[in-house]
Asker: 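Just passing along the structure, written as structure tokens.
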Amino acid sequence: MFVSDCISINEKGHLTVGSADTVELAKKFGTPAYVFDENEIRGNLRAFRNSIEDNYGGNGLVCYASKAFSCKEIYRICMQEGTGVDVVSGGELYTALSVGFPAENIVFHGNNKTPDELLMAVGNGVGRIVVDNLTELETLNGIASASGKTVGIMLRIKPGVDAHTHDFIKTGQIDSKFGFALETGEALEAVKAAITMPSLKLRGLHCHIGSQIFDIDPFELAAEVMLGLYKQIKDETGYEFDELNLGGGFGIKYVDGDTPIPYGEYMKNVSAVVRAETEKHGLKMPFILIEPGRSVVGAAGLTLYTVGAVKKIPDIRTYVSVDGGMADNPRYALYGADYQIICANKANEEKNMTVTVAGKCCESGDLIQENAPLQSVEAGDILAVLSTGAYNYSMASNYNRIPKLPVIMVNNGEARTVVRRETYEMVASCDV
Ligand code: LLP
């Protein structure tokens with residue numbers, strides 16, 4: 001009935017998340033607000049860890065892709081669960097380091113890291129910097145040799161695999177701003193250059209084929225292609241990698257009809273491919289890294305809003321306006337993303353309306369969803385938009401100078417604030 005396992009309905013007919021009554025949460029913490037179920041997040045991290053344990057002898061590391069949702073608490077949770085993290089900017093790196101995240105287990109991504117960001121990563125001992133292009137390779141080598149350190153790197157490769165997902169979130173094909181292309185020989189050239197650089201230790205290659213992927217075959221194909229490249233590199237240079245980073249991209253359920261791959265299934269199939277290909281090519285079994293982002297936090301989060309105006313335009317549509325919008329969730333405006341929406345205080349009632357849920361930004365495209373089935377709502381009702389844990393808070397803006405929402409973490413019915421609500425003073429705090 002619900003797209004997320006941590007959602008239910010209590011005896012009052014109210015929607016619950018992690019056993020907490022969302023209507024009570026709305027009263028206590030105010031709306032709009034993001035709410036996460038901590039146990040769901042931890043369970044997902046463990047499921048990924050166990051899948052490496054069960055299928056690949058534990059010879060790997062789950063690196064949560066923190067672009068999906070980054071704040072101090074999520075890095076603490078990852079630390080406690082024994083996973084690594086993937087960061088993609090100085091800001092994410094700073095936040096991870098600020099809670100004492102072990103730098104060796106940080107993977108630093110980005111297609112245009114600045115020299116300052118590289119300096120910060122090297123200075124703090126980040127375990128793997130994923131180099132995107134030759135300019136960065138040279139800059140990083142310079143920074144590493146000036147610091148007297150040997151820096152662990154991986155190279156980001158575009159394996160040329162079509163991931164059957166939304167055009168904007170596809171990344172593995174040749175026409176992408178990320179990484180070195182395989183088909184053109186660029187990847188091989190980059191490897192040859194990297195292995196001559198004395199201050200860099202090339203630990204392996206990385207690929208990420210896209211996001212919100214439901215098919216398992218593109219992942220299998222990517223592993224196969226990457227190991228083919230490992231073989232080619234070994235033949236041409238004698239160099240053999242210790243590691244292989246296969247990225248993230250595992251789809252989650254936003255609406256009925258979405259069919260995520262069970263996490264165990266992914267590792268089972270991909271491990272089999274890695275085993276078979278390494279054997280075929282006479283390579284050593286690499287240490288595997290995976291970078292799930294959305295699948296760790298997406299379905300663990302929801303957003304609570306209060307309904308304001310309900311505008312019925314006869315024969316056209318009904319707008320239900322809420323106290324948030326594209327500033328806290330730009331995904332409908334950007335990707336036409338689908339969501340399941342429930343009236344939290346009428347969760348037991350039948351959905352007998354079809355509505356457009358609109359935000360409060362000064363923009364017609366500020367919609368959370370069109371043609372959404374919903375209970376009969378009126379001003380003051382609480383709406384819950386499900387599966388907003390990934391790429392909502394992390395992609396939020398202050399458009400219209402709207403303060404960012406707080407993040408509430410629920411654990412077995414107990415709720416705490418892990419990110420405070422912004423105030424108007426905070427929004428204007430950098431203004432001179
Ligand atoms: N690793 C790399 C190198 C990535 O670029 C990404 C996502 C991930 C891992 C994690 O992918 P995930 O497991 O979350 O699918 N804003 C878009 C998604 C952008 C994904 C960017 N890269 C959205 O809201 O759908």
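Each residue takes its place number in the sequence, starting with 1. Side chains included, hydrogens not; waters and symmetry mates left out as well; all remaining heavy atoms used. We count ligands from 1, going down the list as the structure has it; atoms in each ligand are counted the same way.
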Asker: Using a 4.0 Å cut-off to any heavy atom of Asp86, which atoms of ligand 1 qualify?
Answerer: 1 (N), 2 (C), 9 (C)

Asker: In terms of atom number and element, which parts of ligand 1 are under 4.0 angstrom from non-hydrogen atoms of Tyr335?
Answerer: 16 (N), 17 (C), 23 (C), 24 (O), 25 (O)

Asker: So is Pro292 touching ligand 1 or not, going by heavy atoms under 4.0 Å?
Answerer: yes

Asker: Which heavy atom of Val131 sits nearest to which heavy atom of Glu136, and what is that distance?
Answerer: CA-OE2, 3.1 Å

Asker: Report yes or no: does a heavy atom of Gly249 sit under 4.0 Å from some atom of ligand 1?
Answerer: yes

Asker: Would one find more than 12 heavy atoms of other residues, nucleotides or ligands at under 6.0 Å from atom OH of Tyr94?
Answerer: no

Asker: Using 30° and 60° as the class limits, which term best fits the ring planes of Tyr75 and Phe101: parallel, tilted or perpendicular?
Answerer: perpendicular

Asker: Heavy-atom pairs closer than 4.0 Å: do any link ligand 1 to the side chain of Phe178, the backbone, both, or neither?
Answerer: neither

Asker: Quick check: does His109 get an N/O under 3.5 Å from an N/O on ligand 1?
Answerer: no

Asker: Does NZ or CZ of Arg156 fall inside the cone over Phe178's six-membered ring, less than 6.0 Å from its centre and within 45° of the axis?
Answerer: yes

Asker: Aromatic rings Tyr34 and Tyr393: how do their planes relate, parallel, tilted or perpendicular, breaks at 30° and 60°?
Answerer: perpendicular

Asker: Checking contacts here: is it the side chain or the backbone of Ile213 that comes within 4.0 Å of ligand 1, counting heavy atoms only? Could be both or neither.
Answerer: neither

Asker: Counting from 1, what ligand 1 atoms have a heavy atom of Gly293 closer than 4.0 Å?
Answerer: 12 (P), 13 (O), 14 (O)

Asker: I need the atoms of ligand 1 closer than 4.0 Å to a non-hydrogen atom of Ala65, numbered in the order shown.
Answerer: 8 (C), 9 (C), 10 (C)

Asker: Distance only, no hydrogens: is a donor on one side chain within 3.5 Å (strictly under) of an acceptor on the other, for Thr95 and Ser70?
Answerer: no

Asker: Do Tyr332 and Glu370 get their side chains close enough for a donor-acceptor pair, meaning under 3.5 Å?
Answerer: yes

Asker: Out of Arg294, Met395, Glu291, whose heavy atom sits nearest atom 25 (O) of ligand 1?
Answerer: Arg294

Asker: Where does the angle between the aromatic ring planes of His206 and His208 fall among parallel (under 30°), tilted (30 to 60°) and perpendicular (over 60°)?
Answerer: parallel

Asker: Mark up the atoms of ligand 1 that fall under 4.0 Å of a heavy atom belonging to Gly248, in ascending order.
Answerer: 9 (C), 13 (O)

Asker: Backbone or side chain, does any N or O of Ser211 fall under 3.5 Å from an N or O of ligand 1?
Answerer: yes

Asker: Provide the number and element of each atom of ligand 1 under 4.0 Å from a heavy atom of His206.
Answerer: 3 (C)

Asker: Counting only heavy atoms not in Lys234 (residues, nucleotides, ligands), do more than 12 fall under 6.0 Å from its NZ?
Answerer: yes

